[in-house]
Novice: 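Sending over a structure as structure tokens; questions will come in a sec.
Chain naming here is simple, since letters A, B, ... match the order of the sequence lines and numbering starts at 1 in each.
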Number of protein chains: 2
Amino acid sequence: MATSTVENYLKHMLLLSEGGEELVSMGALAEALAVVPGTVTTMVKALADSGHVEHRPRQGVRLTAEGRRVALNVLRKHRLVECFLVNVLKMDWAAVDTEAEQLEHAISDEVLDRLDALLGHPETDPHGDPIPSRQGKLDSQVYATLATCVVEKPLRIVRITDQSAEFLQFVEHNGLLPGESVRVTERNLASGLVTAKKTAGRPLVLSLAAAGKILVQPAR
Amino acid sequence: MATSTVENYLKHMLLLSEGGEELVSMGALAEALAVVPGTVTTMVKALADSGHVEHRPRQGVRLTAEGRRVALNVLRKHRLVECFLVNVLKMDWAAVDTEAEQLEHAISDEVLDRLDALLGHPETDPHGDPIPSRQGKLDSQVYATLATCVVEKPLRIVRITDQSAEFLQFVEHNGLLPGESVRVTERNLASGLVTAKKTAGRPLVLSLAAAGKILVQPAR
DNA sequence: ACGTTTATTTTGACTAATCAAAATAACTAA
DNA sequence: TTAGTTATTTTGATTAGTCAAAATAAACGT
């Protein structure tokens, strides 16, 4: 069995490679895992020996089919656990990522399946992140963001790509939850500011950086 | 934070001391934790340094108030998780101990509280084992067993004290679940056999060892 | 093309948890 | 007592995962 450390390495590789094809740098992985780069190099070599990744020295690392399989299973556990914590235990939207971080390594595939059934086989977690299927299919659709979308076009929020509690609290406080309708009324590259409006509500100003973490699709 | 290894050491000390006062031997602990005795000695000294236990060299070990607090919290998590797995996820009675072994170290106190509420604050887990209260109270009532009870007296099964899947499957298969009514019709010390009868059913023969793991109280 | 910055890898050391096997202490039976 | 059994402790090694800091390689700018 993969240790939870191994599972974390693989999961973050999957998240950082946006689908699994590109090489992930040691630096990015070190950052994501909150360890020093040397540790990642060492670990990645071990993961290459165990067949979970392919390591190109000085270039980066990529998941093998087997590594991807493991990573998708962990991600599925993480996101289904988040659904459970929010939908069943009514926990705070912004706090569940931390909880799921622990639980994703502790639940068995058996529990996973039953949780999935209990929740009605959801397709996304409470933040809008797609849940990998049992068979390892992950919706990798590319969405526009409030930083890149067409101005004045009616939109629907589909996903928030920053799981930090602070950001999620901000999002919730301003009613920018997945499913909500909005449109961007103004975008100023120079100042780095985006103005958005909900159908009913006062205009809301946010930075380009923040706007880029809110994924949208055309309304309806 | 206590690592899950530490939590396991403390939990097993609590279980082996039947309430917390007697000294637990290194050998018993090694057996329960499936490690060699030398490992336990080393670990127990570390736990003494961190204030979780009091170590009497060559005699045994005992939980301190703090160690007991931690152990009770872990046990509470274990047993509430078992309730959840059986009552909500409808998992197999005999399989949940293994699952809970992992989950008890991964769920936060916050999740614990919500799980407790969701389940309606149960007092025992599916095997009849008492769940420590939030405040750390643990029902330590001493029950008779099918090996020690009065013959022919009507009884109610309250608890099964062997969590191995094999034994639990045997118990389930013979309808000796907690809550069921039985009486012992015959007990033969020489042959080591006990004969029990459910209100409606054929007589059931089991060994004294097995009978001793089934706790009962007077019916009604 | 040359020196500088930046990313990566290597090296040596550390911690937590473990085992195997030797040493020690305690108990037990003649 | 004294030898023998049994439980415990000690010692030395091992594995997984980590860090700090030095060494190396690649990329970048002029």
Side-chain angles (χ1 to χ4, degrees), chain A residues 1-18 22-63 66-67 70-71 74 101-102 104-106, chain B residues 1-18 22-63 66-67 70-71 74 101-102 104-106:
Chain A
M1 275 308 113
T3 65
S4 66
T5 306
V6 166
E7 289 186 345
N8 272 329
Y9 273 79
L10 298 176
K11 181 186 72 172
H12 279 110
M13 279 182 222
L14 179 66
L15 292 173
L16 288 171
S17 66
E18 272 303 316
E22 313 79 7
L23 288 173
V24 175
S25 75
M26 301 296 116
L29 213 37
E31 164 86 23
L33 291 159
V35 296
V36 301
T39 301
V40 174
T41 301
T42 311
M43 197 62 196
V44 158
K45 283 200 285 189
L47 290 173
D49 286 347
S50 60
H52 289 100
V53 307
E54 181 193 340
H55 182 207
R56 298 277 183 75
R58 304 256 165 206
Q59 294 185 75
V61 66
R62 183 202 325 262
L63 291 169
E66 171 61 9
V70 175
V74 176
E101 213 63 50
Q102 301 305 313
E104 67 189 5
H105 309 296
Chain B
M1 277 305 112
T3 65
S4 65
T5 304
V6 166
E7 290 186 344
N8 272 329
Y9 273 80
L10 300 176
K11 182 186 70 172
H12 279 110
M13 279 181 221
L14 179 66
L15 292 174
L16 288 172
S17 67
E18 271 305 315
E22 314 80 5
L23 288 172
V24 175
S25 75
M26 300 297 115
L29 213 37
E31 164 85 23
L33 291 159
V35 297
V36 301
T39 302
V40 174
T41 302
T42 312
M43 196 63 195
V44 159
K45 284 201 286 190
L47 290 173
D49 287 348
S50 61
H52 289 100
V53 306
E54 181 193 339
H55 182 207
R56 298 276 183 75
R58 303 256 167 205
Q59 296 186 74
V61 66
R62 185 202 325 262
L63 291 169
E66 170 61 7
V70 174
V74 176
E101 213 63 48
Q102 301 304 311
E104 67 189 5
H105 310 296

Novice: For L63(A), run the side-chain contact (heavy atoms from CB on, under 4.5 Å) check against V53(A), L47(A), V70(A) and tell me which one passes.
Specialist: V53(A)
Novice: Nearest to the side chain of S25(A), heavy atoms from C-beta on, is which of dT8(C), dA25(C), dA20(D)?
Specialist: dT8(C)
Novice: Rounded to whole Å, how long is the line connecting atom NE2 of H55(A) with atom P of dT9(C)?
Specialist: 4 Å
Novice: Write down the distance between OH (Y9(A)) and P (dT18(D)), rounded to a whole number of angstrom.
Specialist: 4 Å
Novice: Only one of M43(B), R56(B), M26(B), E54(B) clears side-chain contact (heavy atoms from CB on, under 4.5 Å) with V61(B); which?
Specialist: M26(B)
Novice: For E31(A) and dC19(D), what is the distance between atoms CD and C1' respectively, to the nearest whole Å?
Specialist: 17 Å
Novice: dA7(D), dC19(C), dT10(C): which one has an atom nearest the side-chain heavy atoms of R58(B)?
Specialist: dA7(D)
Novice: Identify the heavy atoms of M13(B) and V24(B) that sit nearest to each other, and give their distance.
Specialist: O-CG2, 3.8 Å
Novice: Starting the side chain at C-beta, find the nucleotide from dT8(D), dA17(C), dG17(D) nearest to M43(A).
Specialist: dG17(D)
Novice: Within less than 4.0 Å of OP1 or OP2 of dA16(C), is there a side-chain N or O belonging to T5(B)?
Specialist: no
Novice: Between dG17(D), dT9(C), dA17(C), spot the one nearest the side chain of P37(A), thanks.
Specialist: dT9(C)
Novice: Which nucleotide, dT8(C), dT8(D), dG17(D), lies nearest any side-chain atom of M26(B)?
Specialist: dT8(D)
Novice: Nearest whole angstrom, please: distance from the P of dT18(C) to the CG of L29(B).
Specialist: 11 Å
Novice: Taking only N and O in the side chain of T39(B), is any of them less than 4.0 Å away from OP1 or OP2 of dC19(C)?
Specialist: yes
Novice: Measure the distance from NZ on K45(B) to C1' on dT9(D) and round it to the nearest whole Å.
Specialist: 7 Å
Novice: Could you tell me how far apart Q59(A) (CD) and dA26(D) (P) are, to the nearest whole angstrom?
Specialist: 9 Å
Novice: Given dT9(D), is OP1 or OP2 found less than 4.0 Å from the side-chain N or O atoms of T41(B)?
Specialist: yes
Novice: Please give me the minimum heavy-atom distance between H55(A) and A48(A), naming the atom from each residue.
Specialist: CB-CB, 4.3 Å
Novice: I need the CG-C1' distance between L47(B) and dT9(D), as an integer number of Å.
Specialist: 16 Å
Novice: Would you name the heavy atoms of Q102(B) and A106(A) that are closest together and state the gap between them?
Specialist: CB-O, 3.5 Å
Novice: Measure from the side chain of V36(A), starting at C-beta and using heavy atoms only, and say which of dA16(D), dC19(D), dA25(D) lies closest.
Specialist: dC19(D)
Novice: Atom CG of L23(B) to atom P of dT8(D): distance rounded to whole Å?
Specialist: 11 Å
Novice: Applying a 4.0 Å non-hydrogen cut-off, can you work out what G38(B) is touching in the nucleic acid: base, sugar-phosphate, or nothing?
Specialist: base
